[in-house]
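Protein chains get the first letters and strands the later ones, always in sequence-line order, with residue 1 at the start of each.
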2 protein chains.
Amino acid sequence: MANGQAEDRPLTRIQQKNRQTILDAALEVFSQNGFRGSTLDQIAEVAGLSKPNLLYYFPSKDAIHAQLMATLLDTWLHPLRALDADGDPVAEIMAYLRRKLELSRDFPRESRLFANEILQGAPRMKAALEGELRTLVDEKAAVLRAWAAAGKIADLPPHHLIFSIWALTQHYADFEVQVRAVLGEDHDPYAEAQGFLDTLFRKLLAP
Amino acid sequence: MANGQAEDRPLTRIQQKNRQTILDAALEVFSQNGFRGSTLDQIAEVAGLSKPNLLYYFPSKDAIHAQLMATLLDTWLHPLRALDADGDPVAEIMAYLRRKLELSRDFPRESRLFANEILQGAPRMKAALEGELRTLVDEKAAVLRAWAAAGKIADLPPHHLIFSIWALTQHYADFEVQVRAVLGEDHDPYAEAQGFLDTLFRKLLAP
DNA sequence: GTCTATACTCTGATAGAC
DNA sequence: GTCTATCAGAGTATAGAC
């Protein structure tokens with residue numbers, strides 16, 4: 001083994017800090033250029049480290065990206081996991097919508113990293129999409145279906161209802177350049193989106 | 001000048017056919033990997049031509065991409081241009097929605113090429129977004145605002161209403177891998193989306 | 001018009017001094 | 001732990017034979 005982190009010894013504080021710096025720089029670069037379009041030189045420059053030093057902390061470009069992917073899916077699914085079958089139907093869905101929009105606003109780079117991966121055919125995440133993601137969505141879709149059957153919300157195809165929340169919230173992060181180009185300077189896209197999407201889903205969900 | 005197409009002489013039929021073959025292959029490759037992530041080797045292989053032969057028809061990788069971008073924006077804006085201020089408000093918006101969804105279904109590669117460009121910060125299209133696109137959207141937003149003022153449709157922020165149509169329809173092309181992973185084999189995403197989005201916008205637009 | 005060969009640059013990764 | 005130097009391979013583009 002050429003370096004410390006490949007062994008089981010715990011990382012020193014400086015190692016942890018540098019690994020975090022690298023991952024943050026990699027998030028910046030990968031989220032804008034995709035995996036193939038990004039270079040170690042770019043990541044090294046953003047991180048303020050030399051290229052060989054990057055490869056002291058991670059064995060390869062692939063390993064850096066894999067580490068980002070591993071934490072990404074969890075971050076991404078967390079808001080949906082929190083949807084509570086025992087809560088008030090409309091309130092639960094509206095809360096999920098709000099959490100997703102906040103995720104777009106506060107973590108746009110993560111959103112774009114995810115979008116890049118999916119756009120490119122999800123080569124490093126397909127298994128997780130067909131496994132973990134699908135299982136979770138099916139589970140929550142069943143909850144939505146039960147709420148509709150009980151007359152608590154409108155009767156809509158639950159999977160597409162979930163897709164619509166994803167599409168509408170992630171759009172503001174992934175297409176941010178376009179949104180800002182169209183709206184100009186004097187707008188607060190996320191504040192406006194919150195009001196608009198609130199109205200949209202209240203109308204949509206009304207039985 | 002090293003080759004014919006840089007001069008003003010009209011292209012021969014074989015030249016036009018080869019240029020089209022190359023552009024189609026480039027669309028396939030660029031839409032999946034982005035500009036930096038794509039290579040001339042990949043495009044040449046998909047096109048069934050040698051790499052130097054590619055560069056006989058186009059002066060550079062950049063030129064191929066630029067040609068695709070030039071036609072893309074027009075294709076992309078066409079459905080919105082067709083929104084008629086003198087037509088029936090709800091019918092016009094629903095027709096626009098349908099045209100956009102058909103565009104996603106029939107031209108998913110174009111949708112992903114566009115998404116890649118925007119995700120990467122629109123380095124080759126920013127001017128067009130702030131110019132041509134913004135002008136068109138502002139014009140149609142005024143139409144929507146007038147319809148709302150006349151009580152023909154619900155009073156909603158027109159720009160965000162347009163964004164929602166973009167987000168919801170393009171999602172099915174750009175995130176197709178995820179949609180299929182979640183839905184599994186026994187679904188027709190676009191057929192279902194058409195019904196769902198139809199319901200969604202009828203509810204939303206009702207005054 | 002199309003191909004082979006090749007020039008030159010960029011990129012991921014390693015060696016080895018300090 | 002971090003750096004300079006460097007290698008091997010991939011990538012864009014060109015030269016020149018046919």
Side-chain angles (χ1 to χ4, degrees), chain A residues 1-7 9-30 32-69 116 120 123-124, chain B residues 1-7 9-23 25-26 28-30 32-69 116 120 123-124:
Chain A
M1 292 297 140
N3 54 43
Q5 89 271 7
E7 302 176 15
R9 246 181 294 124
L11 303 177
T12 65
R13 276 182 303 281
I14 193 165
Q15 278 174 332
Q16 287 190 25
K17 182 175 145 289
N18 276 339
R19 279 176 63 94
Q20 203 44 57
T21 302
I22 292 167
L23 287 173
D24 191 70
L27 172 60
E28 182 75 27
V29 175
F30 282 139
Q32 189 152 12
N33 304 109
F35 180 77
R36 294 220 35 195
S38 302
T39 71
L40 289 179
D41 273 319
Q42 292 174 299
I43 299 171
E45 175 161 2
V46 174
L49 295 168
S50 68
K51 191 163 54 165
N53 206 2
L54 237 66
L55 294 166
Y56 170 76
Y57 287 99
F58 289 90
S60 68
K61 179 183 174 182
D62 250 294
I64 301 175
H65 192 261
Q67 178 62 55
L68 285 175
M69 284 293 139
N116 258 305
Q120 287 158 28
R124 298 148 206 278
Chain B
M1 295 298 142
N3 55 41
Q5 89 270 7
E7 300 174 16
R9 247 181 294 124
L11 303 177
T12 64
R13 275 183 303 281
I14 193 165
Q15 279 175 330
Q16 287 189 25
K17 181 175 145 291
N18 276 339
R19 279 177 62 94
Q20 202 46 57
T21 302
I22 292 167
L23 287 173
E28 182 75 26
V29 175
F30 282 140
Q32 190 154 9
N33 304 107
F35 181 76
R36 294 220 36 199
S38 302
T39 72
L40 290 178
D41 273 318
Q42 293 174 298
I43 299 171
E45 173 159 5
V46 174
L49 295 169
S50 68
K51 192 161 53 165
N53 206 1
L54 237 64
L55 293 166
Y56 170 78
Y57 286 100
F58 290 90
S60 68
K61 178 184 172 181
D62 251 294
I64 301 175
H65 191 262
Q67 179 61 58
L68 284 176
M69 283 291 137
N116 258 304
Q120 287 159 28
R124 299 148 207 277

Between [X] ([atom1]) and [N] ([atom2]), how many Å, whole number?
X       : N      : atom1 : atom2 : answer
B:Asn33 : D:dG11 : CG    : P     : 11 Å
B:Lys17 : C:dT2  : NZ    : C1'   : 13 Å
B:Glu45 : D:dA10 : CD    : C1'   : 15 Å
B:Leu54 : D:dT14 : CG    : P     : 13 Å
B:Phe58 : D:dT12 : CZ    : C1'   : 16 Å

Are [X] and [N] close enough that a side-chain N or O sits under 4.0 Å from OP1 or OP2?
X       : N     : result
B:Asn53 : C:dG1 : no
B:Tyr56 : C:dT2 : no
A:Ser50 : D:dT2 : no

Under the side chain to side chain contact (heavy atoms under 4.5 Å, CB included) test, which residues partner [X], sequence neighbours left out?
X        : value
A:Arg124 : A:Phe35, A:Asp62, A:His65, A:Glu117
B:Gln20  : B:Leu23
A:Thr39  : A:Asp41, A:Gln42, B:Arg36
B:Ala63  : B:Pro59, B:Ser60

Q | Listed partners of A:Lys17 passing salt bridge (Lys or Arg N to Asp or Glu O under 4.0 Å), at least two apart | A |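 None.
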Q | Touch class at under 4.0 angstrom, heavy-atom based, for A:Leu49 against every strand present | A |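 No contact at all - A:Leu49 keeps every heavy atom at 4.0 Å or more from the nucleic acid.
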Q) Can you tell which of C:dG1, D:dG1, D:dC3 lies closest to the side chain of A:Thr12? A)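 My answer, after comparing the listed nucleotides, is D:dG1.
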Q.
For nucleotides 11-18 of chain C, give me one character per nucleotide, 5' to 3': B if any protein heavy atom sits under 4.0 Å from the base, S if the only such contacts are to the sugar-phosphate, - if neither.
A. SBBB----
Q: State the CG-CG distance between B:Leu40 and B:Asn53, to the nearest 0.5 angstrom.
A: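 If I round to the nearest 0.5 Å, the distance is 12.5 Å.
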